[in-house]
Each structure stands twice: as C-alpha cells, then as structure tokens.
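Everything below concerns the one structure shown next.
In what follows, chains are A, B, ... by sequence order, proteins preceding strands, each numbered from 1.
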Amino acid sequence: MPDTIPAPALPVGHYGYDQVDRAFLADRVEQFRDQVARRIAGTLSEDEFKPLRLMNGLYLQLHAYMLRIAIPYGVLDSRQMRELAHIARTYDRDYGHFTTRQNLQFNWIKLEDTPDILARLADVDMHAIQTSGNCIRNVTCDQFAGAAKDELVDPRVHAEILRQWSTLHPEFTFLPRKFKIAISGSPNDRVAARFHDIGLVAKPAPDGGTQFDVFVGGGMGRTPIVGVHLRDDLPEEDLLAYLEAMVRVYNEYGRRDNIYKARIKILVQALGTEGYRQKVDAEFAAMNRARYRLPPETVAAIRARFGTPDLHAPDDAPAQLDRARRAEPAFDRWVRTNTHPHRAPGYISAVISLKPAGGIPGDATSAQMDLIADLADRYAFGEIRVTHMQNLVLGHVRQDELHAVWQALRGADLASANIGLIGDIIACPGLDYCSLANARSIPIAQKLSARFASPELQETIGPIEIKISGCINACGHHHAGHIGILGVDKKGEEYFQLTLGGSPGSDASVGQILGPALPEDATVDAIARLVDAYLVHRTGDERFLDTYRRLGATLFKDAVYATA
Amino acid sequence: MSDVRNNRREAGGSSVITANRLLDGRIVWQVEEGTWSTLIDDARIIPNDEIEAAIAHAAGRQQADGLVGVYGVQVDAEAATPTPVTVRERIRAFGPTVHPDFTPAAEFEAHA
C-alpha cells in the first residue's frame, strides 16, 4: 500500500525484543525440534511428550493438533500479523482463530511442522510459551490501552513487566492450576478484571506515580466467582513483590488434590478475603523487598523499548469525519458502534469486527490478516490489538482517514457494525474443534448472528452481550454474558443451558441459570423470545442487563419455557 | 483418550476403533490390524464383547502404526453405515459442522 508510515525503530504498542530475548527463543525452538524428533522416533512416549508440547502451546484437539500462539497483552505489529497470515496459508487451512485470551489458535497444525512454525514465529519475536499448563498465562490488557480517552494510566508497560516476571518463573511453572492476570488502566473495566485470578487496575497515585487496585480470586469455569477487592493502593514499586507474595501463597496453600478446586478462587473463598490477605501480607513482609522492588528506572527502561506513535492530526480531522458521517449513513452507523474515543485530538480507535452475520466469531482468513496488517501500516502506526471479545482494534486512526479504513474493511467483510450489540457474540471453538467440549458453540453463534443480522435491528435492541461456551470450562465466558449459553451433554446429545444477568465489567456479576437446558434446535428461538420480552418490558434506552436486574427472571423464564 | 465419554458401550452393541495420527493429529478408524482409514465408512465393526481386547491390541502397536490415543466408539446398530451414537464422535467421524470443505469425505473426494 502506498504512503506507508515509516516504521519506527521500535514497534508501537509493544515491547521490542533485544538479542537476549531472540537468542532465548531460538534455543527454545531447537529444544522443541529435538523433542518432536524424539517423539516421532518413539524414544519419547506420548505421556512423556504431552507436557513438553503443551509447554510450547501445542494441544491435540478433536481433529488435529492446535497451536495456541501468545499475543502479549493483545498487541501485535503488522509484521507479526503478516507472519500469522503466512502460517495460516502455508501450514494451516488459511485462517486463524482469535481467542478470548487475546491469543491466536491454528486448528489444523501438523506435529512435524511445528518446529518450523515456531522458528518462523521466533523470527518475528513471537512464541507459544505458557499458552498452556499450570503456569501464569498470557497477561491480557485493555484493547484501548494507551489510546482511550477515559484511561488514567497506560497499563501496557506494566503488562510487559508482568510478562517478563512471569515468563519461565521457576517457582510458578507448576502451580496448582493455570493462572490468569488481566490489567487495565481505565476505571471502566474492559478486561473482566474481576473474573481473573488477579485483576489489576492501574491509576495515578497521590504522589504522582502509579498505583494499583488489586482484585483476586475471580474466575469462571465450574465455580464462577467475582473476584474480591484486595487493596486499592498497591504502589508501583511493590507490584512484583506483592504479586510474588500473592502467587506464593496460592502455590503453597492452593489445592492439588482436586483439579476442580485448584484455582486460586477456591483458596480465597476457603480462607476468606481477610485470611488470604493476612497470609499475603505475612509473605510480603518476610520477602527481600529490595530484590523484588520495581524502581522507576526499570519501568522507564521497559517503557523505552516501546515505540511511541507520533499523534498529529490535521485540525479539521473531526470536521472531515463529521462530513463523511453525514454523507453515508452506513459509515455513520459503523462509527457509532465500532469506534472508541481517543485521548489525542483528531484521533479515534476503530474496532474491526470478526463477527460477520452467520460467521465464526474470532476467525480471520490469511487475506483478511494481510489486509489488516496493510491498514495498520497505512493508518495506525503498524499496530493491531486483539480484544478478549474476539475482535481486532486499530488503536490510533486519524479521524480524517477513518472513512478510508472503513471502506477497505467493508471490501473484506470486516466492517460489521455490531460491536457491543447482539451480533458481537463470544463463542469458544466448542465441539466442532475442542476435545473438552460437550456441545457446539459456533453454530449457535452463527444462527443467532444471522437471525439478528440487520444493523438497524441490532441498534434497536441496543447493548447486549451473548457469550457461548461448549462446556463448563467457560472459555466462551458464558457466566459473564448478559445472556450466557452453556452447552451440556445429555446422553451423548447437545443441550444448551441459558444464564441471564452476567456482566464482565465494573458491575461484574455471575449469570443465573434460567431453567432446564434446551435442545439445540430450540435454543435460538428461545433467545429470540428472550429478546422480544426485553423489548416489550424495557424502559427508555435501558440495557437488557438493567431490565433483567430490575424485573428479575420470571418474565424471561415465561418467554423461554411457556412455548418451549 | 481416557475420556469417560468414550466408554459408553452397551452390551449387545458394536463399536469401531479410532485414534489420531501422530504426525498430523488427524482422526483415523481401524480397518484391520495395521490398517487405518480417515473414513469411518471403512472401519471394522466389532461386537462390544470383543472390543476391549481389540482396543488393547491396537493400543499395543500404536507407536508402530504412528498413532496416539487409541479407543473404541460405539456405533448405531440401526444405521446403514458406521455411525457413532454420540454427537461428539459423529463430529469426529464426519468433520466440523461449520466447515463442510473440511469433512473427511470432502477431503477424500478432493484428493481422489
């Protein structure tokens, strides 16, 4: 594409690797290449090999191997996106799947190709380490970090510090269970901080520095729990020490006798918030604080490895955007639904919906990935963000160039105007791919998004979050859905249980089961009746969630089961 | 795969044996000892009172056959062709329902 913004020396939006990072990754690839060769030769059994492949993100799923690639804090650059597109074309089936952990999965990978794929990823400073196993997983982050108008602190530098701290942490490689951290710097929680093992919200400290709200013990899965607020004043310099203490307490006291009770949420519930806090404080007090101190100089050094966008828009950029919106109603609608206010004058953040009507949530073809990389280079400093809602974001787009971005996206079926609306459905891979699943998630999402395809209808219905999981592990976040759908197995057949009233945000809540599970062919109609009931009973522009909270479950239960 | 969902077998029923190929992870079905097919239609149907021994035998040679995760799948006695009784195994046998091009039958035809 012409007129590409010159690439800065460091990538905008994420940490730029140095030679130490690259040498480590190269060694790791060769180590795995040897392990794969030994597995194929039979000198490693499957039982011996399985934990080794999982440490490199390689799962054996229902139809083939699946490779889960880490996208730290959900930020990647155009060079990395193009490499993902190349891998999709060359080694997979021409598409990739963006996940609710801001990662990317390839569903049709061959074991024998995996070392070469990892080598290609290493060439663009990517890997699949700690995308599986009972370790600290990829740290997720606000998709509008560093751009959002409502943000108080850009959390990505701290996310990178947590990434470096947790990567191959010798003490935390074999925790009782997997461990997920999310970080935001906005008072409006867009990372589901309260549904993570640890949720952090960065904010300005009274002394002008940075401090953190700390939530702990949130989670979904078999036992959905909203995390507790552990403290609101964690100083930046104690960030690593305190998290080290938090995870140490979990590592020592977390249950290892029952996989279903092994997450930190169970420990926090068992000890009580105060009991857990006391143990953490005791551990913290006993630590060598000097060793774990995070000094401002270190933070500055990490920050210096981030490229910075040069944000200068023409003075009339907002006026140009206004004119384009008035001229084209479809563009105006997309701007209403798919953009987010930017901190810099004349800029805006654009959300690329990976949820076309009838499509597979989170999937992108290699051609789409290449196009998005080109658009990022042309219009957004080469930076792309992945959202936990399975969409993509161009964080820094000049308002006078937004129409051109939209036109390019529209030509590639990437301009569905549905962010935050009923078509913006989270769905896990479900039984079409996942060996853990009990039921298919994707077909329900496809049918729902096709049924509610009309952009006008979606805007009329307003903000509503539907989230679908194919099993109780809840990768589709159904517990946090305004409408949650959980696939269950009844004697080998698929059924779907509905939950209402969940929310992932600052008003976090766990959805409540509405009633008996429904057969697959009745589920979409039931959701449609739920929506109809909401439209009848809402007041003004009340969200579905608020109508449910005001009126309770009864009328929705009647809508679903009276004719079911 | 030691998944409880794979052990639902009824007395008097019949099963087939399945696994994933080690090199590419693809699903295969046992045709006869040492021979495996990506098409369940080719699978040998074994009475359930013989299936455990047959699974054990196949599992014993899975490295030699380039396989991983050998187990048995009950099939519908009424169906004209081998058809698993559970939706999970039907999706394994007939491919993801969301990508018709990726079904084993479509791939077989594409390469025929």
Side-chain angles (χ1 to χ4, degrees), chain A residues 36 39-47 49-50 53 58-67 91 93-95 107-114 358-361 363 427 429-446 470-471 487 489-495 520, chain B residues 1-10 13 15 18-29 38-40 59-71 73-76 83-107 110:
Chain A
V36 170
R39 174 68 189 104
I40 292 172
T43 54
L44 282 179
S45 70
E46 185 60 19
D47 286 345
F49 180 65
K50 183 177 177 181
R53 67 169 161 77
L58 189 66
Y59 291 68
L60 181 53
Q61 288 286 32
L62 213 54
H63 303 287
Y65 291 97
M66 177 272 280
L67 183 63
Y91 299 102
R93 297 191 167 182
D94 207 27
Y95 73 99
N107 287 317
W108 301 92
I109 293 298
K110 296 176 181 173
L111 173 63
E112 52 191 335
D113 289 339
T114 308
I360 298 176
D363 276 12
L431 191 51
D432 278 303
Y433 293 104
C434 179
S435 59
L436 298 176
N438 287 319
R440 292 170 297 158
S441 304
I442 295 169
I444 298 288
Q446 289 177 302
C471 76
D489 175 319
K490 287 192 175 182
K491 296 182 178 175
E493 296 301 325
E494 301 169 293
Y495 279 73
E520 192 265 347
Chain B
M1 303 282 151
S2 57
D3 190 316
V4 66
R5 293 170 297 187
N6 301 328
N7 298 321
R8 292 170 175 148
R9 280 191 273 281
E10 296 162 349
S15 295
T18 186
N20 291 80
R21 285 197 301 234
L22 173 63
L23 288 183
D24 63 5
R26 300 305 304 279
I27 294 161
V28 288
W29 308 88
T38 57
L39 301 178
I40 193 173
R61 48 177 293 154
Q62 58 184 324
Q63 180 66 34
D65 286 347
L67 303 172
V68 62
V70 173
Y71 67 95
V73 172
Q74 177 153 334
V75 291
D76 183 351
T83 304
V85 296
T86 66
V87 65
R88 179 177 196 270
E89 291 302 326
R90 289 198 292 275
I91 289 172
R92 284 186 78 250
F94 305 122
T97 63
V98 296
H99 277 294
D101 293 347
F102 298 167
T103 63
E107 289 180 336

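If you check the side chains of B:Arg90 and B:Thr83, you find no donor sitting under 3.5 Å from an acceptor.
Interface remark: A:Gln446 contributes side-chain atoms only to the contact with chain B (heavy atom separation under 4.5 Å). Looking at A:Ala445, neither its backbone nor its side chain comes within 4.5 Å of chain B, counting heavy atoms on both sides. The contact between A:Asp363 and chain B is made entirely by side chain atoms (from C-beta outward), counting heavy-atom distances below 4.5 Å. Contacts between A:Tyr65 and chain B at a heavy-atom distance below 4.5 Å involve backbone atoms as well as side-chain atoms. For B:Arg21, the part sitting under 4.5 Å from any heavy atom of chain A is the backbone (N, CA, C, O) and nothing else. In this structure, chain A has a heavy atom under 4.5 Å from the backbone of B:Val85, while its side chain stays farther away. With a threshold of 4.5 angstrom between heavy atoms, A:Phe49 does not approach chain B through any atom at all. In this structure, chain B has a heavy atom under 4.5 Å from the side chain of A:Ile360, while its backbone stays farther away.
Side-chain atoms of A:Asp432 come within 3.5 Å of backbone atoms of B:Thr97 as a donor-acceptor pair (strictly under, hydrogens ignored). Between the side chain of B:Arg88 and the backbone N or O of A:Ser435, at least one donor-acceptor pair lies under 3.5 Å.
Both the sub-6.0 Å distance and the 45° axial angle are satisfied by A:Arg93 relative to the ring of B:Phe102.
A:Tyr91 is linked by a side-chain hydrogen bond (donor to acceptor under 3.5 Å, both in side chains) to nothing, counting only residues two or more places apart in sequence or in another chain.
Ranked by heavy-atom pairs under 4.5 Å with chain A, the first of B:Gly66, B:Ala64, B:Gly95 is B:Gly95. The choice from A:Glu112, A:Lys110, A:Glu493, A:His63 that makes the most heavy-atom pairs within less than 4.5 Å of chain B is A:His63.
The line from CD of A:Glu46 to CG of B:Leu22 is 7.0 Å long, rounded to the nearest 0.5 Å. Rounding to the nearest 0.5 angstrom, the gap separating the CG atom in A:Leu436 from the CD atom in A:Gln61 is 6.5 Å.
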